[in-house]
Amino acid sequence: MNSTPAPGRNDACHCGSGKKYKHCHWSADQGSPRADASAKPIGRAIRAVQKGVRGRNNPVLFKTPEQVRGIRKASRLAKDLLDLLEGRIQPGVTTLQIDQWVEEATRAAGAVSAPLGYKGYPKNLCTSINEVVCHGIPEARELKEGDIVNVDVTPILDGFYGDSSRMFLVGNVSAEARRLVQVTRECLDLGIRQVRPGGHVGDIGQAIQAHAESNGFSVVRDFVGHGTGIEFHEEPQIPHYGQRGKGHPILPGMVFTIEPMINAGKHETKILADGWTAVTRDGSLSAQFEHTVYVSETGVEVLTG
Ligand code: MF3
Ligand code: CO
Ligand code: CO
């Protein structure tokens with residue numbers, strides 16, 4: 001990695017969008033998606049809720065209707081970018097080609113890719129193949145018959161973020177890999193069904209964990225869902241395991257991702273020498289689906305659905 005200094009907030013963004021850094025990747029470059037990131041801010045948010053502060057003016061935890069409109073558009077773009085890939089991901093296609101398709105479509109929509117330049121991340125999106133749990137980096141390697149690959153996109157449109165990922169099957173895929181992908185999809189759906197004002201993030205984690213484990217699979221602990229919309233990764237964290245009634249309260253105005261990573265073997269992960277690619281420690285297959293959701297007064301809206 002080279003050592004180009006970060007641009008000033010009023011300089012042009014490092015991603016080449018032509019926008020000022022502060023209006024483009026600045027906020028994306030501030031946070032971290034790792035599970036151990038931010039115990040302190042979560043404590044503050046819970047105290048605010050306990051004090052009866054509705055938090056409507058908190059720009060991060062509770063979004064204004066105008067912010068929700070912006071996040072809805074960015075999220076719709078995330079869905080469109082993934083839809084664009086349906087039917088195109090076949091044996092022989094490289095993950096670099098996927099990165100280029102999405103880069104073009106993102107620019108054509110007047111957006112930029114949040115991952116590009118995020119803490120030095122080199123590409124527009126993540127492509128996580130087979131035993132890769134998340135944060136696989138697009139490269140010149142060709143996808144081959146039988147691979148399963150997650151593609152994770154996060155466009156920034158008018159300053160708002162939408163974060164979504166889904167699995168693609170490359171040609172004919174083994175029955176066991178298809179079962180893993182199917183159960184992971186069901187885990188996301190079951191998690192979303194738990195989202196209601198007055199609930200807790202533990203309700204989501206419990207539902208996901210129960211479904212994964214009853215199918216003989218395990219839930220990754222090292223990476224979690226997250227608040228999103230104004231910045232890439234906001235509080236609170238959304239673990240995909242846990243206990244009903246426990247964890248951060250779910251309240252109207254919140255926008256967060258649910259993005260279960262489910263392993264066919266054990267849950268432990270390790271990071272490869274590139275500093276990004278997370279793989280299963282035991283080499284087993286891993287699958288993931290991700291949606292960004294909005295908690296309304298009455299229920300849940302799947303913004304990337
Ligand atoms: N999109 C991922 C998420 O769901 C984060 C990717 S960070 C990157 O949170 F730098 F690896 F792109
Ligand atoms: Co995410
Ligand atoms: Co994502």
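Counting starts at 1 for both ligands and their atoms, following the listed order. When reading the values below, keep in mind they use all heavy atoms of this one structure, side chains included, and skip hydrogens, waters and symmetry mates.
Under 3.5 Å, the side chains of H135 and T277 contain no donor-acceptor pair of N or O atoms. Between H226 and D163, the side chains place a donor N or O and an acceptor N or O closer than 3.5 Å (distance only, hydrogens not considered). In this structure, a donor-acceptor pair under 3.5 Å is present between the side chains of Y118 and H233.
For ligand 1, the polar-atom distance check against W276 finds no nitrogen or oxygen pair separated by under 3.5 Å. Polar contact with ligand 1: absent for H135 (N/O pair, distance under 3.5 Å). For a threshold of 3.5 Å applied to N or O pairs, the pair formed by Y118 and ligand 1 contains no separation below that value. Ligand 1 has no N or O atom lying under 3.5 Å from any N or O atom of Y121, backbone or side chain.
Residue R193 places its CZ atom among 12 or fewer non-hydrogen atoms of other residues, nucleotides or ligands, all under 6.0 Å distant. Residue-environment remark: CD (E66) stays at or below the threshold of 12 foreign heavy atoms within 6.0 Å.
Residue contacts with ligand 1 include F232, since one or more of its heavy atoms lies under 4.0 Å from the ligand. Residue T154 places a heavy atom under 4.0 Å from ligand 1. Remark: distances from the non-hydrogen atoms of K119 to ligand 1 are all 4.0 Å or more.
Listed by number with element, the atoms of ligand 1 under 4.0 Å from a non-hydrogen atom of H226 are 3 (C), 4 (O), 9 (O). For ligand 1 and E290, the ligand atoms under 4.0 Å from any heavy atom of the residue are 4 (O). Applying the 4.0 Å criterion to heavy atoms of H233 picks out, from ligand 1, the atoms 3 (C), 5 (C), 9 (O). For ligand 1, the atoms closer than 4.0 angstrom to any heavy atom of P115 are 12 (F).
Cation-pi contact between R185 and F289: present, with separation from the ring centre below 6.0 Å and deviation from the ring axis of at most 45°.
Using a 4.5 Å heavy-atom cutoff, the side chains of V181 and E176 are not in contact.
With Q90 contributing its side chain and G87 its backbone, the two residues share a donor-acceptor pair below 3.5 Å. In this structure, the side chain of R221 engages the main chain of V219 through a donor-acceptor pair within 3.5 Å.
For A114, no heavy-atom contact with ligand 1 is shorter than 4.0 Å.
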Could you go step by step and tell me if K123 and Q100 meet the side chain to side chain contact (heavy atoms under 4.5 Å, CB included) rule? CA-CA 9 Å; K123 296 292 175 201; Q100 283 163 6; over 6 Å; no
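Summarising the geometry, atom SG belonging to C187 is positioned 7.5 Å from atom CG belonging to N215; distances are rounded to the nearest 0.5 Å.
D282 pairs by the side-chain hydrogen bond (donor to acceptor under 3.5 Å, both in side chains) definition with S284, not counting sequence neighbours.
Screening the protein for N, O or S atoms under 2.8 Å from the Co ion (ligand 2) yields 4; no waters enter the count.
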